[in-house]
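Here, residue 1 is the first one in the sequence, and each next residue gets the next number.
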Amino acid sequence: MSFSTQAAYPPSLWSDTAGDGPIFTELSDKDRQYDVAIIGGGYTGLSAALHLAQAGASCVVLEAHAIGWGASGRNGGQVIAGLKYDPDDLTAHFGPEVGQAMVRTVGRSADMLFDLVEQHGIDCDPVRNGWIQAAHCGRALARQKNRAAQWNALGAQTEILDAPGIAALTGAQGYVGGWLDRRGGKIQPLKFAFGLARVAAERGAHVFVQSPVHHMAHTQGGWQLSTPHGGLTARQVIIGTNGYTDRLWPSLKESVVPAYSVQISTVPLAPDLLRTVLPGGQSLSETRRVLRYSQVDAAGRLVIGTRGPERDQATYRDARTLIRDMEGLFPQLRGVRLDHVWTGRVAMTADHLPHLHHLAEGVYAAVGYNGRGVALATLMGRLLALKAGGATDTEIGFPVTPLKAIPLHHFSGIGAAAYGHWYDLMDRLKL
């Protein structure tokens, strides 16, 4: 049975402009055997599949919906190198050996993504002119100067921007400065997921859609995985479901808090307006705790997002605060028509770090990209593939940490909403 690539997706700009993706079928038999089974058909799972297939392993991807159906097909398309923590913070937290290895690994995440795009000819509208993080207050700018200096010392090309400089590069109002990280860029996110799936399949990975894994059990030969109409056995399992993690492995679900983001896009801008909004082709984020992020897509639309309602589909009423913010940042766009509104989930962790876990014999997982999942999920897929291939923590350059459920996880959504309001107040007070 085949599935339409377009009908399977919630409405969004990216699903409407991605074109036809590769067609895959549902798993419908029960006698397949693999080296590695991968649960989740987003960036993490598809990157793992590609790297495993290239290494000669037999592997299969089991996606509950369609390729890139979750955050991989709905995010803002921002390719950002590194984590939210600065290099010195990671070294202090994990120690010199582990921390510095981690800095090197995550610092190359954007390089890895764009290298994959180039090597495999992935058509995803890639632009690598950098990522800008705008400072909303003087305190934030001071922290950015330190951050940029740390990355510069490690060989990254960064630049501090003053208020006139960031206004010229972004066309936005209200920022006191910022920094430009030339490692970053932007893509069309769903097209990137399609490309990863296509290349992984071409290299020998099997991919099945509409095949949610509802049960897995350890056996003498590895793990048995069951879907509604099929099943298989694999020596090892990778779970790459991040913000859409369900109760298949309950404590994994309880280790992250799903947070929703809402995005809108304008119609393609007229040439005179287009020259005033991110004219250099960078992607843009900011230092607010409840941040706004934006890019201009290949057709000239401004795409902008922020924290959103906790549901998988949104209306323009849900985005009214975001629309007001867009017109405040870019007053030249007041009155410009909008053409899409959509939502998606990110996975937040208690320590704001991504987590790589060894859950049981032969079972690995990565979760908690904290809003930076485009480059980071692609990287973590590769690291999971290396772990499944027998690599040590030292060899992958990233710590494997114990799984810890968040206490009172059932109430975490209430806590996240309360923190959101508190963060918004601190942003307004510029604290």
Is a donor from one side chain sitting under 3.5 angstrom from an acceptor on the other, for [X] and [Y]?
X: Gln78; Y: Trp131; value: yes
X: Tyr260; Y: Asp318; value: no
X: Glu26; Y: His229; value: yes
X: Thr349; Y: Tyr369; value: no

Do [Y] and [X] have ring centroids that are under 6.0 Å from one another?
X: Trp69; Y: Tyr244; value: yes
X: Tyr34; Y: His206; value: yes
X: Phe208; Y: Phe24; value: no

Among Ile132, Thr287, Thr158, Leu141, find the residue that satisfies the side chain to side chain contact (heavy atoms under 4.5 Å, CB included) test when tested with Trp179.
->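 Running side chain to side chain contact (heavy atoms under 4.5 Å, CB included) over Ile132, Thr287, Thr158, Leu141 with Trp179 returns exactly one hit, Thr158.
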So which of Leu161, Val277, Leu284 actually passes side chain to side chain contact (heavy atoms under 4.5 Å, CB included) with Thr170?
->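 That would be Leu284; it is the only one of Leu161, Val277, Leu284 passing the side chain to side chain contact (heavy atoms under 4.5 Å, CB included) with Thr170.
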Are any of the side-chain nitrogens in [X] or [Y] under 4.0 Å away from the carboxylate oxygens of its partner?
X: Lys186; Y: Asp125; value: no
X: Arg334; Y: Glu327; value: no
X: Arg247; Y: Glu254; value: yes

Look at the side chain of Gln332 and the backbone N and O of Gly171, then say whether any donor-acceptor pair between them is shorter than 3.5 Å.
->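 Yes, Gln332 side chain to Gly171 backbone: donor-acceptor pair under 3.5 Å.
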Can you tell me if NZ on Lys84 sees more than 12 non-hydrogen neighbours from other groups inside 6.0 Å?
->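 Yes, the 6.0 Å shell around NZ holds more than 12 heavy atoms from other groups.
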In terms of ring plane angle, is the pair Phe194 and Tyr9 parallel, tilted or perpendicular, where the classes change at 30° and 60°?
->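 Rings of Phe194 and Tyr9: perpendicular, as their planes differ by over 60°.
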Determine, stepwise, if the pair Arg74 / Asp312 fulfils salt bridge (charged side-chain N to carboxylate O under 4.0 Å, His left out).
-> CA-CA 10 Å; Arg74 308 190 216 179; Asp312 278 326; 3.5 Å; yes
